[in-house]
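Working notes, beginning with the structure itself.
Keep in mind that this is a model prediction, so the values were computed, not measured.
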Amino acid sequence: MRALFLFVLFNFLTACVSYESSIPKGYTGEAVTISDTYSNKTLSSAHFFYVKEMNGKPMYNAIRSTNGASSGQGAKLVAVGYSRKVPKTKLTLKVAGEVFRAAPILYMFNADENYAIEGEIEFTPNKDEFYFVKGELSETYSAVWIEDIHGKVISKLEEGEKSDKAPELIVKNKVHDPISTESVNVDELSNINLGESSELVKVRLGEPTKVSVIEGNFFKRTRDKTVFFYEDIAQFVFNGGPDFIKIATVIEIIPVVGGGESNLQRLKKEMSSTDPKELREYAKKYYKSDYIYPNALDVISQKIEEELKRLSDQNTDAVAWLIRVIGRSKNPDYIGFLNDISAQTSSTKIKRYANKMIEELEKYKEI
C-alpha cells in the first residue's frame, strides 16, 4: 500500500513540475548529449535509468515521456527513451534508477520488487559527444552511472544495498578514475540501449544495411514502426514511422542469430543456460529474428537434443520454442532432425510442434 501511495503521489507531484531547459538561457558553448536508458522490459514494467536533476533543477526525462505515452493503455507499458543536450562544462547531476510500472495497482502486487536508487554525481564531459545513464536494480545490489559511447564508465558509480534494518536503499559512492574513451574491441550489440535514438544507433554502427516499416493498425491502437537491419548484428525496432524516425527511439533489439563470430559466441553462451525459463526467453527472442544462420541451427539443435534427454514439465515449453526457431529458419535441411524428434518423443506437445515445423520447412524444399 505504501508503494501504491508513493506512486500516485509521485505522478501527481511530477505532473505539476515545471521542467528546466537542459541548455541554460544565453549559453553559446559546446554541448553534448546525455540519454536516459531502460532495460528488463516486460509487458507492464521496465528498469529506467535517467537524469532527474541538473545543477539542482528538475529535468524532463524518460520516466515522464513513458508515463505520458502509457496513459490510457491500462497495464501495458509504452516505454519511451529520452535524450537531452547539456553544456560541455562541469555538471552536478542527480541520476536515478527505478522499476517503473504501467499502472498503480502493479506496485502493490510487486511490493518486494519496486527497486529504486538515486544520488548526485559530478560529471564533466570529455571529448565524446554522447553519454548514457545506465545501471542495475535488484534486491541485493542497485547502481546507476554515466557511461560513454564505448561502454566505459566515466563517472562516479552510485551503489545501493538493502539494509537489514530498513527497506530504503543505502547509497554509497565509489569513484572511478577517468578511463580513455578510445575505441575498444567489444561486442557492438552489447553497448546499444533500449531508448536510444536512431541518430545514436547510426553514430555507433553507420547507415543500416536495410530499412523497413511495420505499419500500425488503427483498430489495435498500434503505431508505425521503423526497423533498421545491420548485417551480422541485429534488427533495431523504433517507435515511429519514416516521418518520425529522427525523434524515434529503440523499443526492441532482435539480434541476428548466428553468423559472425561474436553473434555465435553470444548464442553459445545463452544456450549453455540450464534455467528453463531463461532458455525459453532466449528462444522467443530468436524466433522473432528474420536472420537465423546455419551455424546457429547447429548449436540450437544440439541444445534441443540435450534438453530432450532430461525432458520434464519444467523445460518442455523451452524445447517447444527452440523447435519453433528451427522452423522459423526456413532451412529444410533440418526436416530430418525434426522427423527424428517427432518419432522418438513421448511428449504430445513436443511431437505437435515438431510436426508443425516440419510442415513449415516443407514449403522451402524447392525454393
- Would you kindly say whether Y287 and R324 are connected by a side-chain donor-acceptor distance under 3.5 Å? yes

- Query: Can a salt bridge be assigned to the pair E360 and K363 using a cut-off of 4.0 Å between side-chain N and carboxylate O?
  - Reply: yes

- Tell me, please, which residues at least two apart from E281 pass salt bridge (Lys or Arg N to Asp or Glu O under 4.0 Å). K284

- Are I146 and L93 side-chain neighbours, meaning at least one heavy-atom pair lies under 4.5 Å? yes

- Indicate whether the side chain of R64 and that of N61 have a donor and an acceptor atom separated by less than 3.5 Å. no

- Can a salt bridge be assigned to the pair E362 and K365 using a cut-off of 4.0 Å between side-chain N and carboxylate O? yes

- Task: Please determine which of F48, Y50, Y82 meets the ring pair (Phe, Tyr, Trp, His ring centres under 6.0 Å) test together with Y38.
- Result: F48

- Between E231 and K210, is there a side-chain N and carboxylate O pair less than 4.0 Å apart? no

- Only counting residues at least two apart or in another chain, list the ones meeting side-chain hydrogen bond (donor to acceptor under 3.5 Å, both in side chains) with E215. none

- Is the shortest side-chain N to carboxylate O distance from E118 to K94 below 4.0 Å? yes

- Query: Between K152 and E147, is there a side-chain N and carboxylate O pair less than 4.0 Å apart?
  - Reply: no

- The side-chain hydrogen bond (donor to acceptor under 3.5 Å, both in side chains) partners of K288 (sequence neighbours excluded) come to E252

- Item | Pair D317 + K277: basic N to acidic O under 4.0 Å | no

- Criterion side-chain contact (heavy atoms from CB on, under 4.5 Å) on T89 and L91, from CA distance to verdict: CA-CA 6 Å; T89 59; L91 305 168; 3.9 Å; yes

- Task: Verify the distance criterion only: is there a donor paired with an acceptor across the side chains of N193 and K134 at less than 3.5 Å?
- Result: yes

- Item | Flag for Q235-Y291: side-chain donor and acceptor within less than 3.5 Å | no

- I341 backbone acceptor or donor facing T345 side chain under 3.5 Å: no

- Task: Evaluate the side-chain proximity of D224 to I214: yes if any heavy-atom separation is below 4.5 Å, no if none is.
- Result: no

- Task: Take R101 and L77 through the test side-chain contact (heavy atoms from CB on, under 4.5 Å) and record every step on the way to the result.
- Result: CA-CA 7 Å; R101 303 188 188 279; L77 182 74; over 6 Å; no

- Going through the checks in order, is the side-chain contact (heavy atoms from CB on, under 4.5 Å) test met by L200 and F132? CA-CA 11 Å; L200 285 174; F132 307 88; 3.6 Å; yes

- For E307, the salt bridge (Lys or Arg N to Asp or Glu O under 4.0 Å) test, sequence neighbours excluded, returns K303, R310

- Query: Any side-chain donor-acceptor pair under 3.5 Å between D275 and Y282?
  - Reply: no

- Message: Whether the N217 and R223 side chains hold a donor-acceptor pair (N or O, under 3.5 Å, no angle test) is what I'd like checked.
- Response: no

- Query: With K85, which residues qualify under side-chain hydrogen bond (donor to acceptor under 3.5 Å, both in side chains), at least two apart?
  - Reply: T33

- With sequence neighbours left out, what residues match Y230 under ring-ring contact (aromatic ring centres under 6.0 Å, His included)? F236

